[in-house]
Amino acid sequence: MTGASVRTLLLWCPDWPVLAAEIVDGVPATGAVAVLHANRVVACSEAARAEGVRRGLRKREAQARCPRLTVVDHDPGRDARAFEPVVAAVEELAAGVEVVRPGTCALAARGPARYLGGEEAAAERIIEHVAQTCAVESQVGIADGVFAAGLAARAGQVVPPGGTPGFLADLPVEALGRPALADLLRRLGVRTLGGFAALPAGDVLARFGFDGALAHLLAAGRDHRPLAVRRPPVDLAVTADHDEPVDRVDAAAFAARALAERLHDRLAAHGLACTRLGIEAVTAHGQELHRVWRHDGLLTAAAIADRVRWQLDGWLTGSAGRPGARPTRPTAGIIRLRLVPDGVLARADLQPGLWGETGEERERAHRALSRVQGLLGPEAVVTAVLGGGRSPGDQVRLVPWGDERLPARPGEPTGPARADAQTGPARGGAASSGRGASPPWPGRLPPPSPAVVLPAPLAATVHDAAGEPVGVSARLQLTAAPARLAVGAARPVEIVGWAGPWPVDERWWSPAESRRRARFQVCLADGAALLLAVESGRWLVEAIYD
C-alpha cells in the first residue's frame with residue numbers, strides 16, 4: 001500500500017446543501033439557513049455561522065443562537081440533483097470527472113493542466129466556467145491524492161508536486177474525518193498529521209487496525225485508493241433496455257433499483273464490492289450521458305440504487321440552477337441504462353452461506369437496518385464491537401451500522417496468553433507481563449463478564465461490621481473487611497462475599513489524564529452481584545452481574 005499518488009484537482013462548493021435548497025426549493029442562501037438531519041445541523045449558511053450556528057448543534061440550540069434561522073430538512077437527492085449542472089460544466093473542460101459527494105467532484109489534474117496552461121490556470125478557468133455556467137461559487141484545490149486535494153480546496157490552494165506531506169504535516173488530526181481515531185491520537189499526544197505520519201507503519205497497523213493504517217497513509221500524503229482498486233472484468237456491467245423512452249423520474253428510479261440489485265448480486269457472486277460506480281444512459285435521440293460516482297466505503301445495493309436515482313433525477317429534471325445557468329435536461333427520454341463497476345475490491349464476506357440462506361438473511365437485515373438509518377440517521381442503528389481494555393466499559397464500542405467494525409482497542413489474545421490475562425488479576429494484582437507471550441491488557445478483570453455495564457457509575461458507600469466507612473490505602477490495603485453496601489439513598493444490604501482489590505494505574509506519565517482506582521467484585525445478601533470501584537476515595541457501582 002505504498003506508491004506515488006496521482007495529482008488530483010478537486011472542486012468544492014462550500015455549504016452545498018444550503019445552495020441546493022436555494023436552487024431547488026427557493027430558500028435564500030444569503031439568509032440564516034441551516035440544513036438538519038436527525039435533529040442536528042449538517043450544514044449552515046455564512047449568515048447562520050455569524051450568529052453562532054455550527055455543524056453538530058441540535059435544532060433547539062441552533063434556533064436559540066439564531067432566532068431568525070430558516071430550517072431545511074437534509075435531502076441527498078436534492079443535493080445530487082442540483083449538483084449535476086455543476087459536474088456537467090466541469091466536464092465541458094475536463095474528462096474523467098468523479099463525483100465524490102454532492103458538492104464535491106475530482107479529476108486527474110494532468111490533462112487540464114497541460115491544455116489550459118498549468119495547474120493554477122486550470123483551477124482558475126474551471127472556477128470561472130462554473131460561475132458563468134451555473135452561477136455557483138466554488139473553490140479548487142490541487143494536490144497529490146484526493147484526500148489532500150480536498151483539504152487544499154478548502155484553502156483554495158495549489159500544493160506543489162511533492163509538497164503534499166509538508167502541506168499536511170501541520171494540520172490537526174481531526175482533518176482525517178475519523179473522530180474516534182482523532183480523539184485517541186490526541187490522548188496519546190499525537191496532535192498533527194505530521195506527527196501521526198512519523199509513526200512506524202507496522203506499529204500503527206498493530207495498534208489502530210486496518211482503518212488506522214489507511215488513515216496513516218493519508219496523513220503521509222499517499223492516496224491508498226488507486227493502489228487498492230483494480231479494473232473488474234468487462235462482463236460485470238449490467239444493462240437495461242427500454243422499448244418506450246423513460247422520461248419520468250419515478251419510472252427511471254424503479255428501473256434503476258432493479259438494475260442496482262442485479263449489479264450487486266453479480267458482484268457478490270464474484271466476492272467483490274463496488275467502490276466507484278459508472279452510470280451510463282442513452283436517450284432516444286442518441287445522446288450519451290455518463291457519470292462516475294466515488295464512494296469511500298463499499299457500495300451496497302441500496303447505496304448503488306440511491307446514487308443511480310440521484311443521477312437520473314439530475315439528468316431528467318435538468319435543473320437550470322440559479323438564474324443565468326444553462327439547463328441540462330436531455331432532449332429525449334432514456335432508452336438504455338448501464339451500470340459499470342468502475343472500481344471494485346475483493347470482499348470475502350459477501351459470499352453467500354454454504355446453503356444459500358445465510359447470505360440472503362444477512363442482505364434482508366442489511367436493507368432493513370439501512371432503511372431505518374435513512375429515516376432516523378446513521379447513529380440510530382449501532383452494533384457492539386468487542387475489543388480490549390481493563391474495564392467492561394472499555395471493552396465495548398458501539399459502531400453505526402455499515403461502518404467498519406473495528407474495536408477501539410486491540411482485543412485479548414487467544415490460547416495460553418488469554419488464560420494468563422484473565423486469571424492473573426484474580427490473584428489480587430496486575431497480571432504478570434513475563435513468560436513469553438504477555439497479555440496486552442495487564443490488570444483486566446477476571447471472568448465472568450458483567451451482564452449490564454452502567455453508562456454512568458452509581459455512587460455507593462461501603463461500611464464494615466462496626467458501621468465505619470471502608471477505604472483503600474495507597475498500598476492497596478483495605479482499612480476493614482466490607483460488611484454492608486448502600487447504593488445511593490437505598491437501604492444498606494449485607495455483603496456475603498467479595499474479591500479484590502484489582503488495581504488500575506493508567507496514564508501515570510500524564511498528570512492531567514492519569515487515573516488510579518481499585519476494583520472489587522461483591523455478592524449481596526439479596527442475590528445481586530456487583531462490580532465496584534474505588535477512585536479518589538469514592539465507591540462507585542460500575543456494572544451488574546447476572
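All values derive from a computational prediction rather than experimental measurement.
Side-chain contact between Leu193 and Leu176 is present, with at least one heavy-atom pair separated by less than 4.5 Å. Side-chain contact between Leu11 and Val86 is present, with at least one heavy-atom pair separated by less than 4.5 Å. Looking only at side-chain heavy atoms (C-beta outward), Pro17 and Val42 stay at 4.5 Å or farther from each other.
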Query - Trace of the side chain to side chain contact (heavy atoms under 4.5 Å, CB included) decision for Asp79 with Val35 - result: CA-CA 11 Å; Asp79 298 347; Val35 180; over 6 Å; no

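For the atom pair CD (Gln311) and CD1 (Ile279), the distance works out to 5.0 Å, reported to the nearest 0.5 Å. In this structure, CG on Asp211 lies 11.0 Å from CG on Leu205, to the nearest 0.5 angstrom. To the nearest 0.5 angstrom, Ile304 atom CD1 is 4.5 Å from Leu263 atom CG. For the atom pair CD1 of Ile126 and OG of Ser138, the computed distance is 9.0 Å after rounding to the nearest 0.5 Å. Rounded to the nearest 0.5 angstrom, Leu107 CG and Thr8 OG1 are separated by 8.0 Å. Leu9 contributes atom CG, which lies 15.0 Å from atom CZ of Arg110 (distance to the nearest 0.5 angstrom).
By the salt bridge (Lys or Arg N to Asp or Glu O under 4.0 Å) test, Glu280 pairs with Arg338, sequence neighbours left out. Annotation: salt bridge (Lys or Arg N to Asp or Glu O under 4.0 Å) contacts of Arg248 (sequence neighbours excluded): Asp250. Evaluation of the salt bridge (Lys or Arg N to Asp or Glu O under 4.0 Å) rule for Arg291 yields Glu84, Glu91 as partners, not counting sequence neighbours. When the side chain to side chain donor-acceptor pair (under 3.5 Å) test is applied to Glu174, the partners found at least two apart in sequence or on another chain are Arg186. Partners of Leu259 according to the side-chain contact (heavy atoms from CB on, under 4.5 Å) rule, which considers only residues two or more places apart in sequence or in another chain, are Val238, Ala240, Arg262, Leu337, Leu339. Residues that satisfy the salt bridge (Lys or Arg N to Asp or Glu O under 4.0 Å) test with Asp306, not counting sequence neighbours, are Arg309. Every residue two or more places apart in sequence or in another chain that forms a side chain to side chain donor-acceptor pair (under 3.5 Å) with Asp183 is listed here: Arg187.
Of all the heavy atoms in Ala237 and Val340, the pair that sits closest is CB-CG2, 4.0 Å. The two residues Arg78 and Asp73 make their nearest non-hydrogen contact at NH2-O, 2.9 Å. Between Val308 and Ala256, the shortest heavy-atom distance links the atoms CG1-CB, 3.2 Å. Contact record, Val41 with Ala62: CG2-CB, 4.0 Å, taken as the closest heavy-atom pair. Contact detail for Trp315 and His290: the closest heavy-atom pair is CZ2-N, 3.8 Å. Between Thr192 and Asp170, the shortest heavy-atom distance links the atoms CG2-O, 4.3 Å.
With Thr164 contributing its side chain and Ala143 its backbone, the two residues share no donor-acceptor pair below 3.5 Å. A distance-only check finds no donor-acceptor pair linking the side chain of Thr283 to the backbone of Ala332 [under 3.5 Å]. Judged purely by atom type and a 3.5 angstrom limit, Arg55 has no side-chain atom pairing as donor or acceptor with the backbone of Ala43. Within the 3.5 Å criterion, the main-chain N or O of Phe196 finds a donor-acceptor partner in the side chain of His216.
Each salt bridge (charged side-chain N to carboxylate O under 4.0 Å, His left out) pair with one or both residues in residues 141-163, not counting sequence neighbours, appears once here: Arg7-Asp144. Sorted by first and then second residue, the ring pair (Phe, Tyr, Trp, His ring centres under 6.0 Å) pairs involving residues 142-171 (not counting sequence neighbours) form an empty list. Screening residues 9-31 for ring pair (Phe, Tyr, Trp, His ring centres under 6.0 Å) gives Trp16-Phe83 as the qualifying pairs, with residues at least two apart or on separate chains. Listed by first then second residue, pairs satisfying salt bridge (charged side-chain N to carboxylate O under 4.0 Å, His left out) with a partner in residues 27-51 read Asp15-Arg49, Glu46-Arg49, Glu51-Arg68, not counting sequence neighbours. The salt bridge (charged side-chain N to carboxylate O under 4.0 Å, His left out) analysis of residues 188-197, with sequence neighbours excluded, yields no pairs.
Within a 6.0 Å radius of CZ in Arg257, other residues, nucleotides and ligands contribute 12 heavy atoms or fewer.
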